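This one's a predicted model, so the numbers in the text were calculated from it and none came from an experiment.
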Amino acid sequence: MANEIIKGIGFHHIGLKTADLAKSVKFYEALGMKEIVRWGEGEKEIVMLDIGDGGRFELFANGGDEFSENGKFIHFAMKVDDVPAAYAHALSVGALPHVAPKIVPLDSKPEKITIEVAFVKGPDGEQLEFFREH
């Protein structure tokens with residue numbers, strides 16, 4: 001469905017400050033994401049990864065454990081074909097379990113939908129959601 005207010009708008013990327021940039025890049029590459037470009041050095045280094053469908057994930061060095069003035073995102077949801085398989089793979093490459101795969105019928109409007117979700121925690125404690133609408 002196209003946005004009729006802001007023409008051409010669409011998802012481009014989400015950014016995350018990381019405590020250990022190399023560790024985070026390695027983790028997300030193990031999930032199948034590919035590095036597109038990187039710039040800066042040391043504490044100012046930034047890496048842009050392609051998620052797999054053209055959407056991007058931007059990782060910043062020197063994030064530490066603190067919240068920035070802009071906060072941290074709540075979770076990063078990725079659509080997948082097989083939620084349990086994505087969850088299992090993420091765990092196998094170092095993610096921590098957060099919410100095991102489950103099917104959730106929503107009392108949604110205008111129509112009822114059912115979703116399948118699972119959550120893991122990445123290297124900086126960020127929540128990653130694997131999502132599929134049934």
Side-chain angles (χ1 to χ4, degrees):
M1 174 186 311
N3 184 318
E4 297 300 322
I5 305 297
I6 302 175
K7 304 294 183 195
I9 196 170
F11 179 79
H12 187 269
H13 75 271
I14 188 167
L16 174 71
K17 291 185 138 211
T18 67
D20 183 332
L21 181 63
K23 179 179 179 182
S24 291
V25 168
K26 182 177 179 181
F27 173 76
Y28 287 105
E29 286 180 337
L31 293 182
M33 298 182 194
K34 306 244 187 274
E35 184 174 323
I36 299 168
V37 65
R38 71 172 57 217
W39 62 94
E41 294 180 16
E43 294 182 350
K44 295 187 179 197
E45 188 171 12
I46 300 169
V47 177
M48 185 79 76
L49 303 168
D50 184 294
I51 297 167
D53 66 353
R56 297 175 179 197
F57 195 25
E58 187 176 26
L59 303 175
F60 293 80
N62 196 31
D65 292 328
E66 75 285 347
F67 285 91
S68 74
E69 64 186 38
N70 296 320
K72 291 190 177 189
F73 62 80
I74 297 170
H75 68 265
F76 172 33
M78 293 164 276
K79 64 181 179 182
V80 297
D81 291 335
D82 186 332
V83 171
Y87 178 80
H89 180 73
L91 296 179
S92 78
V93 297
L96 297 175
H98 188 56
V99 176
K102 63 182 178 177
I103 295 175
V104 182
L106 300 177
D107 186 22
S108 51
K109 295 176 177 76
E111 64 184 75
K112 306 286 188 239
I113 64 170
T114 299
I115 61 172
E116 185 175 13
V117 297
F119 290 83
V120 298
K121 290 191 177 184
D124 283 281
E126 68 276 19
Q127 290 185 43
L128 306 175
E129 177 183 9
F130 300 111
F131 179 96
R132 179 173 175 241
E133 186 175 329
H134 286 264

Going hydrophobic residue to hydrophobic residue with side-chain gaps under 4.5 angstrom, can you get from [X] over to [Y]?
X   : Y   : result
V83 : L91 : yes
F27 : I46 : no
M33 : V93 : yes

Are side-chain heavy atoms of [X] and [Y] found at a separation under 4.5 Å?
X    : Y    : value
Y28  : L128 : yes
I51  : F11  : yes
E35  : M48  : no
P97  : V120 : no
F60  : T18  : no
F130 : M78  : yes
V47  : W39  : no
K17  : E126 : no

Is the backbone of [Y] close enough, under 3.5 Å, to the side chain of [X] for a donor and an acceptor to pair up by distance?
X    : Y   : answer
D53  : G55 : yes
D124 : A19 : yes
K102 : V99 : no

With rounding to the nearest 0.5 Å, note down the distance linking [atom1] in [X] to [atom2] in [Y].
X    : Y   : atom1 : atom2 : value
K26  : L21 : NZ    : CG    : 13.5 Å
F76  : L16 : CZ    : CG    : 9.5 Å
E129 : H98 : CD    : NE2   : 10.0 Å

TODO: Would you please test R38 and E45 for salt bridge (charged side-chain N to carboxylate O under 4.0 Å, His left out) and show each step?
DONE: CA-CA 7 Å; R38 71 172 57 217; E45 188 171 12; 2.5 Å; yes

Task: Residue pairs, two or more places apart or on separate chains, that pass side-chain hydrogen bond (donor to acceptor under 3.5 Å, both in side chains) and touch residues 78-89 - done: none

Please give me the minimum heavy-atom distance between [X] and [Y], naming the atom from each residue.
X    : Y    : result
E133 : F131 : N-CE2, 4.0 Å
G42  : A61  : O-CB, 3.5 Å
L59  : L49  : CD1-CD1, 3.8 Å
L31  : A90  : CD2-CA, 3.7 Å
P84  : P101 : CA-CG, 3.9 Å

Task: Sequence-distant partners of K44, side chain to side chain donor-acceptor pair (under 3.5 Å), two or more places apart - done: none

Would you mind writing out the side-chain donor-acceptor pairs for residues 107-119 within the sub-3.5 Å range, not counting sequence neighbours?
residue: D107; atom: OD1; partner: K112; partner atom: NZ; Å: 2.7
residue: S108; atom: OG; partner: E111; partner atom: O; Å: 2.7
residue: S108; atom: OG; partner: I113; partner atom: N; Å: 3.1
residue: E116; atom: OE1; partner: H134; partner atom: NE2; Å: 3.0

